[in-house]
Amino acid sequence: MKEKSSNKKVIIGAAALVLVCVALLLVYKNFMPKGTEGAKTITVKVVHGDSSEKDFEYKTDEAYLGAVIQDNKLVEGEEGEYGLFMTSVDGEKVDESKQQWWCLTKGGEQVNTSADQTLIEDGDTFELTLTEGY
């Protein structure tokens with residue numbers, strides 16, 4: 001008799017956990033940040049390893065930076081567990097032996113999302129800077 005009661009409690013607990021997870025997912029989907037709809041113009045400044053700079057201006061309807069810079073072939077990369085890992089920007093590849101990576105900033109402040117998870121709005125300016133050292 002105790003075993004049936006214990007199994008019943010486990011099943012009820014598991015069902016409650018599933019319902020909580022579904023509820024949290026729905027809340028996230030409804031309140032997660034969304035990009036601005038419609039036409040936008042953004043600028044992406046590339047700062048190469050030799051400190052030379054080059055600006056790229058894009059007109060787009062996309063909501064995320066990653067889609068814009070990949071569609072326009074400015075960036076090559078691979079999908080990692082945290083999103084797009086940029087391995088090449090404007091033809092310059094990272095040298096992993098030097099611990100190089102492309103740092104994404106907006107207005108000089110480091111962005112804490114990958115490019116494919118970074119929302120864009122009209123008039124935004126982003127910087128991609130080749131950086132050494134993890």
Heavy-atom closest pair (His48 atom, Glu92 atom, distance to 0.1 Å) is ND1-OE1, 2.5 Å
So CH2 of Trp102 and OG1 of Thr129: to nearest 0.5 Å the spacing works out to 7.5 Å
Step-by-step side chain to side chain contact (heavy atoms under 4.5 Å, CB included) determination, Phe56 to Asp90: CA-CA 10 Å; Phe56 297 86; Asp90 191 29; 3.5 Å; yes
Glu78 meets the side chain to side chain donor-acceptor pair (under 3.5 Å) criterion, sequence neighbours left out, with none
Exactly one of Thr113, Thr118, Asp116, Leu104 clears side chain to side chain contact (heavy atoms under 4.5 Å, CB included) with Leu84, and that residue is Asp116
task = Assess whether atom CD of Glu57 is packed by more than 12 heavy atoms of other residues, nucleotides or ligands within 6.0 Å.
result = yes
Nearest heavy-atom contact between Phe126 and Lys106 is CE2-CD, 3.7 Å
Of Lys93, Lys98, Gln100, the one forming a side chain to side chain contact (heavy atoms under 4.5 Å, CB included) with Leu130 is Gln100
Tightest non-hydrogen contact, residues Gln117 and Tyr82, listed as OE1-O, 3.9 Å
OH of Tyr58 to CD1 of Ile69, rounded to nearest 0.5 Å, is 8.0 Å
One should read off an interatomic distance between Asn72 CG and Thr60 OG1, to the nearest 0.5 angstrom, of 7.5 Å
Next on the checklist: Any heavy-atom pair between the side chains of Ile120 and Tyr64 that's under 4.5 Å?
Outcome noted: no
Heavy-atom count around Glu79 CD within 6.0 Å, excluding the residue itself: above 12? yes
Smallest heavy-atom separation, Thr41 atom then Asp122 atom, equals N-OD1, 2.8 Å
In terms of heavy-atom contacts, Val94 and Trp101 come closest through CG1-CA, 3.9 Å
Q: Answer yes when Lys45 and Glu53 have at least one side-chain N-carboxylate O distance shorter than 4.0 Å, and no when they do not.
A: yes
**Item:** Sidechain-backbone polar pair: Lys40 side chain, Glu62 backbone, donor-acceptor under 3.5 Å
**Value:** yes
By side chain to side chain donor-acceptor pair (under 3.5 Å), Ser51 pairs with (sequence neighbours left out) none
For side chain to side chain contact (heavy atoms under 4.5 Å, CB included), just list the numbers for Leu128 and Val47, CA-CA rounded to whole Å, side-chain angles, deciding distance to a tenth of an Å, and then say yes or no.
CA-CA 6 Å; Leu128 296 173; Val47 181; over 6 Å; no
* Asked: Hey, any chance Met86 and Val111 share a hydrophobic cluster, counting ILVMFWY side chains that come within less than 4.5 Å of each other, even indirectly?
  -> yes
**Asked** Step by step, would you call Val68 with Val44 a side chain to side chain contact (heavy atoms under 4.5 Å, CB included)?
**Response** CA-CA 10 Å; Val68 176; Val44 179; 6.0 Å; no
Interatomic distance, OG1@Thr131 vs CD@Gln110, rounded to 0.5 Å, equals 8.0 Å
Going by distance alone, is a donor N or O of one side chain under 3.5 Å from an acceptor N or O of the other, for Glu76 and Thr87?
no
Closest non-hydrogen contact found for Ser114 with Gly83 is OG-CA, 3.5 Å
ask   = Counting only N and O atoms by type, is there a donor-acceptor contact under 3.5 Å from the side chain of Ser52 to the main-chain atoms of Asp50?
value = no
